[in-house]
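These notes concern the structure reproduced below.
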Amino acid sequence: MIGVDRIHLRTFPDRTTLAQTLAAEIADALRAQVARGDAATLAVSGGGTPKKFFRELSTAELDWEDVTVTLVDERWVPETDDRSNARLVKENLLQNEAAAATFVPLVTDAGSPEGGLLEAQERIADLSGPLTAAILGMGGDGHTASFFPKGDRLEDALDMSGKLLVVPMRALAAMEPRITLTLPMILAAKSLVLHIEGDSKMATLEKALAGDDPLEMPIRAVIEHAPRPLEVVWAP
């Protein structure tokens, strides 16, 4: 059992309030990084959950030209595909004030994540220092990023002593081939938040906390190895 002491759970009355609060906090973190004279970096996740958050954050007033946005993970599909996380980010986050930010995609022109691994690795290695902030999501199976149960490179992705910043991932539940930041890369973020919504996601989190096998529910690896209790934000 991992235990509830490994998370810091904040609940919100509704999803709009959560999105507004999270956007304000992440904007503050980015502003603080820029104010120190450093480039700020933000890694975000896909899916339907972060859309409100993206739209709120897009209107934040800060020096977005000093901010680089990238992805926690990505399906290996073109940006024209409806399931592209890059498309989601461009349509919802990189708008308004945030249109001035630099976007670093994970997908390359290669035909597979294995073929594009070196270039994707170089893109992430070129980011300035550890991520300023990373926002994770979680699936009903306990996956986060593209850390899928039974994923072909799951152990590589979760290896705390590994040197890779990104790895390819293939799993039946993932549908398309994917590429993902590794666990050490994610955990190095100065601000790390798990953003979940709905009763079913809370039940998944509770199940994860009640067990200890990260290969069964990979979110456990994030909770267990995070350098401080994992910040979790939830709304019904």
Contact check, side chains of [X] and [Y], non-hydrogen atoms, under 4.5 Å:
X: V233; Y: I196; value: no
X: I223; Y: L205; value: yes
X: V193; Y: S191; value: yes
X: L215; Y: E155; value: yes
X: E114; Y: R170; value: yes
X: L181; Y: F147; value: no
X: R220; Y: D212; value: no
X: T182; Y: V166; value: no

Return the minimal non-hydrogen interatomic distance between [X] and [Y], and the atom names on each side.
X: A120; Y: T108; value: N-CG2, 4.2 Å
X: L154; Y: F148; value: CD2-O, 3.3 Å
X: T132; Y: A29; value: CG2-O, 3.7 Å
X: S128; Y: A39; value: CB-CB, 4.0 Å
X: L194; Y: G137; value: CD1-O, 3.5 Å
X: V104; Y: R123; value: CG1-CB, 3.8 Å

Might you confirm whether atom CD of E176 has over 12 heavy atoms from other residues, nucleotides or ligands at distances under 6.0 Å?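 Yes, CD of E176 has more than 12 neighbouring heavy atoms, counting only those of other groups under 6.0 Å.
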Taking CG in D109 as the centre, count heavy atoms belonging to other residues, nucleotides or ligands within less than 6.0 Å. Is the count above 12?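 No - once you tally the heavy atoms of other residues, nucleotides and ligands closer than 6.0 Å, there are 12 at most.
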Could you walk me through whether R153 and I179 satisfy the side chain to side chain contact (heavy atoms under 4.5 Å, CB included) test, starting with their C-alpha distance in whole Å, then the side-chain angles of each, then the deciding distance to 0.1 Å, before giving a yes or no? CA-CA 10 Å; R153 298 286 299 275; I179 191 161; over 6 Å; no
Could you grab the distance from atom [atom1] of [X] to atom [atom2] of [Y], nearest 0.5 Å is fine?
X: M160; Y: L183; atom1: CE; atom2: CG; value: 5.0 Å
X: R75; Y: R83; atom1: CZ; atom2: CZ; value: 4.0 Å
X: T70; Y: N85; atom1: OG1; atom2: CG; value: 10.5 Å
X: K52; Y: L57; atom1: NZ; atom2: CG; value: 15.0 Å
X: I135; Y: L22; atom1: CD1; atom2: CG; value: 5.0 Å
X: L230; Y: H225; atom1: CG; atom2: NE2; value: 13.0 Å

Do V107 and L118 belong to the same hydrophobic cluster, where Ile, Leu, Val, Met, Phe, Trp and Tyr are linked whenever their side-chain heavy atoms lie under 4.5 Å apart, directly or via other members?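 Hydrophobic grouping puts V107 apart from L118.
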Any chain of hydrophobic side-chain contacts (each under 4.5 Å) joining M169 to V77?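 No, M169 does not connect to V77 through the hydrophobic network.
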For [Y], is there any backbone N or O sitting under 3.5 Å from a side-chain donor or acceptor partner on [X]?
X: D141; Y: H143; value: yes
X: N92; Y: L88; value: yes
X: T102; Y: T68; value: no
X: W234; Y: G198; value: yes

Scan residues 20-75 for pairs that pass ring pair (Phe, Tyr, Trp, His ring centres under 6.0 Å), counting only residues two or more places apart or in two chains.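 Checked against ring pair (Phe, Tyr, Trp, His ring centres under 6.0 Å) - neighbours excluded - no pair reaches residues 20-75.
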Indicate whether any N or O donor in one side chain lies under 3.5 Å from an N or O acceptor in the other, for K190 and Q33.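 Checked: K190/Q33 side chains pair up, N/O donor to acceptor below 3.5 Å.
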Does the pair R87/E79 count as a salt bridge with the N-to-O cut at 4.0 Å?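 Salt bridge: no.
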Salt-bridge present (E206, K201; N to O < 4.0 Å):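 Answer for the salt bridge query: no.
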Yes or no on side chain to side chain contact (heavy atoms under 4.5 Å, CB included) for I26 and L30, after CA distance, side-chain angles and deciding distance? CA-CA 6 Å; I26 295 303; L30 297 175; 4.2 Å; yes
Among residues two or more places apart or on two chains, list those pairs meeting salt bridge (Lys or Arg N to Asp or Glu O under 4.0 Å) that have a residue in residues 55-73.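 Non-adjacent pairs meeting salt bridge (Lys or Arg N to Asp or Glu O under 4.0 Å): D73-R178.
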Determine, stepwise, if the pair E74 / S84 fulfils side chain to side chain contact (heavy atoms under 4.5 Å, CB included). CA-CA 7 Å; E74 177 65 288; S84 165; 3.7 Å; yes
Stepwise side chain to side chain contact (heavy atoms under 4.5 Å, CB included) test for L164 and Q121: CA-CA 7 Å; L164 288 175; Q121 171 90 2; 3.9 Å; yes
